[in-house]
Number of protein chains: 2
Amino acid sequence: MKITAQEEYGLRCVLQLAREETQGTPGSTLLVRDIAEREGLSVAYVEKLLWTLSHSGIVESVRGPKGGYRLTRSCHEISLGEVMRVLGGIPSEEEICSQFTGNHDTCVHHDGCGLKPVWASITDFVHSVFDKVPISSLLNGTIDVRFVQITSRNSSKPPAPAGAAVQS
Amino acid sequence: MKITAQEEYGLRCVLQLAREETQGTPGSTLLVRDIAEREGLSVAYVEKLLWTLSHSGIVESVRGPKGGYRLTRSCHEISLGEVMRVLGGIPSEEEICSQFTGNHDTCVHHDGCGLKPVWASITDFVHSVFDKVPISSLLNGTIDVRFVQITSRNSSKPPAPAGAAVQS
DNA sequence: GTTAAACCTGACAAGTTTGTCAGGTAAATG
DNA sequence: CATTTACCTGACAAACTTGTCAGGTTTAAC
């Protein structure tokens, strides 16, 4: 259960833009160079991360001099879950058993596999928590995710919408 | 947020031993060769996984002919969290910020880092769920982790003990 | 003792992820 | 319209993870 580098650094970039949104003038942008400097990352790497984020609709770019990047929506309306899904390449329910490079072509557990529903429940659960955390709450010091209210959904849950279900 | 191959395959081996415990005679063991065959893994790989597990006290080996591996305790007393911690190399609280190979020697967030407590809370939270799932419950078909009772601990929580806190 | 069946171990090849590089294309200012 | 400042993109080197290999050592049965 690891957090990937892409998730870590991508989220940091988003948080820089969120800070700019709350502290700068409305619509102001941040240069890639500045984000890279503040995070100790290379310009090229930050560009790559922002490319992923912009193609998922979380951030947008303004070209030309005085250009830069900014969030597409208020940082109160963007959830941690939305950002993590974009950055992490969360495996879908179907991919859970096929993401492993074992030497068997078909999952030996395809019948009576007790593990697949476990993984599915875990990732689903983690995201239900993430979806309730707006990134704005990550700006000021500390948030304890354990205090997030968990809604214990029934098994007849509706499929989760692609967008985030942020609830302040 | 990824489940590593070691976690996946290591847990499968543990579940094979748990099944043997519930279905075989008391104290009976399972051959590495048989586990490998049932899971579609190589004998060498299963040996490596079991080595990790045995050095953490989750499984033990019986040498010689008629030897093999078995769990050290009943599968009702071993939690998913305990197995995952052994297999995943979960980073400790101090390592959370240093597990990334960025090009900065000191974490740029060392003062006022809003991310570290988030990662810490998330991993802590996930494990508090895992610790409540005995591996015996993974044997028969499906368990939905979402229905596990979450105890919302206070911030003045005692440090989590190394052993599992399984509660059936 | 001998043998056979099992576990133990370190080194290494293959594959994936991570981060960089070099060279593009687009837009606003003067 | 030239120039500067910025974003865009594909290919690739380095680092890490994954899984294998070859050869050990230990133990129980006969």
Side-chain angles (χ1 to χ4, degrees), chain A residues 1-13 17 27-37 39-56 59-70 72 87-91 95 98-105, chain B residues 1-13 17 27-37 39-56 59-70 72 87-91 95 98-105:
Chain A
M1 213 87 201
K2 273 191 178 175
I3 292 161
T4 66
Q6 188 156 297
E7 285 172 319
E8 164 81 15
Y9 295 130
L11 180 55
R12 286 190 189 179
C13 293
L17 297 178
S28 68
T29 61
L30 216 52
L31 304 182
V32 171
R33 182 206 303 151
D34 289 340
I35 298 174
E37 210 163 279
E39 295 294 344
L41 302 171
S42 74
V43 169
Y45 192 28
V46 171
E47 279 185 343
K48 191 180 199 172
L49 293 168
L50 288 175
W51 183 89
T52 301
L53 289 163
S54 70
H55 277 248
S56 304
V59 309
E60 64 189 357
S61 63
V62 176
R63 303 175 78 130
K66 313 255 178 183
Y69 278 97
R70 67 185 167 212
T72 56
L87 292 170
I90 304 290
E95 292 166 333
S98 63
Q99 66 171 310
F100 299 105
T101 56
N103 50 4
H104 41 74
D105 289 333
Chain B
M1 210 86 200
K2 274 191 176 172
I3 293 161
T4 66
Q6 188 157 296
E7 286 172 318
E8 163 82 16
Y9 295 130
L11 181 55
R12 286 190 188 179
C13 293
L17 297 180
S28 68
T29 62
L30 216 52
L31 303 183
V32 171
R33 182 207 303 151
D34 289 341
I35 297 174
E37 210 163 279
E39 294 295 344
L41 302 171
S42 74
V43 169
Y45 192 27
V46 171
E47 279 186 342
K48 191 178 198 173
L49 293 168
L50 289 175
W51 184 90
T52 300
L53 289 163
S54 70
H55 277 247
S56 304
V59 308
E60 64 188 358
S61 63
V62 176
R63 304 176 77 129
K66 313 256 180 185
Y69 277 97
R70 67 184 167 213
T72 55
L87 292 170
I90 303 290
E95 291 167 333
S98 63
Q99 66 171 309
F100 300 105
T101 56
N103 50 2
H104 41 73
D105 290 333

L53(B) side, atom CG; H55(B) side, atom NE2 - distance, nearest 0.5 Å: 10.5 Å
Nucleotide N/O to protein N/O under 3.5 Å, stretch nucleotides 25-28 of chain D:
| residue | atom | partner | partner atom | Å |
| --- | --- | --- | --- | --- |
| dT26(D) | O4' | R63(B) | NH2 | 3.0 |

Return the value, rounded to whole Å, for the distance between atom [atom1] of [X] and atom [atom2] of [N].
X      : N       : atom1 : atom2 : result
Y9(A)  : dT17(C) : OH    : C1'   : 13 Å
R12(B) : dG19(D) : CZ    : P     : 11 Å
K48(A) : dC12(D) : NZ    : P     : 13 Å
E8(A)  : dC16(D) : CD    : P     : 16 Å
L49(A) : dT20(C) : CG    : P     : 10 Å
L41(B) : dT18(D) : CG    : P     : 13 Å
L87(B) : dT17(D) : CG    : P     : 15 Å
I35(A) : dA6(D)  : CD1   : C1'   : 13 Å

Test side-chain contact (heavy atoms from CB on, under 4.5 Å) applied to L17(B) and R70(B), step by step: CA-CA 6 Å; L17(B) 297 180; R70(B) 67 184 167 213; 5.5 Å; no
Can a side chain N or O of [X] be found less than 4.0 Å away from OP1 or OP2 on [N]?
X      : N       : result
H55(B) : dC7(C)  : no
S61(A) : dC8(D)  : yes
S42(B) : dG19(D) : no

Base of dC7(C) paired with side chain of E47(B) (donor-acceptor, under 3.5 Å): no
Check ion pair E8(B)-R12(B) (N to O, under 4.0 angstrom): yes
Residue whose closest nucleotide on DNA chain C lies nearer the 5' end, L31(B) versus W51(B): L31(B)
Side chain of Y45(A) (C-beta onward), nearest among dT20(C), dC7(C), dT18(D): dT20(C)
Which nucleotide in dC7(D), dT18(D), dG19(C) has an atom nearest any side-chain atom of T4(B): dT18(D)
L49(A) vs Q6(A) side-chain heavy atoms within contact, under 4.5 Å: yes
Sugar-phosphate only, base, or nothing, as touched by L50(B) at under 4.0 Å among non-hydrogen atoms: nothing
Test item: T29(B) side-chain N/O and G67(B) main-chain N/O as donor-acceptor pair under 3.5 Å: yes
Side-chain (E7(A)) to main-chain (L87(A)) donor-acceptor, under 3.5 angstrom: no
Working for side-chain contact (heavy atoms from CB on, under 4.5 Å), residues C13(A) and L50(A): CA-CA 8 Å; C13(A) 293; L50(A) 288 175; 4.3 Å; yes
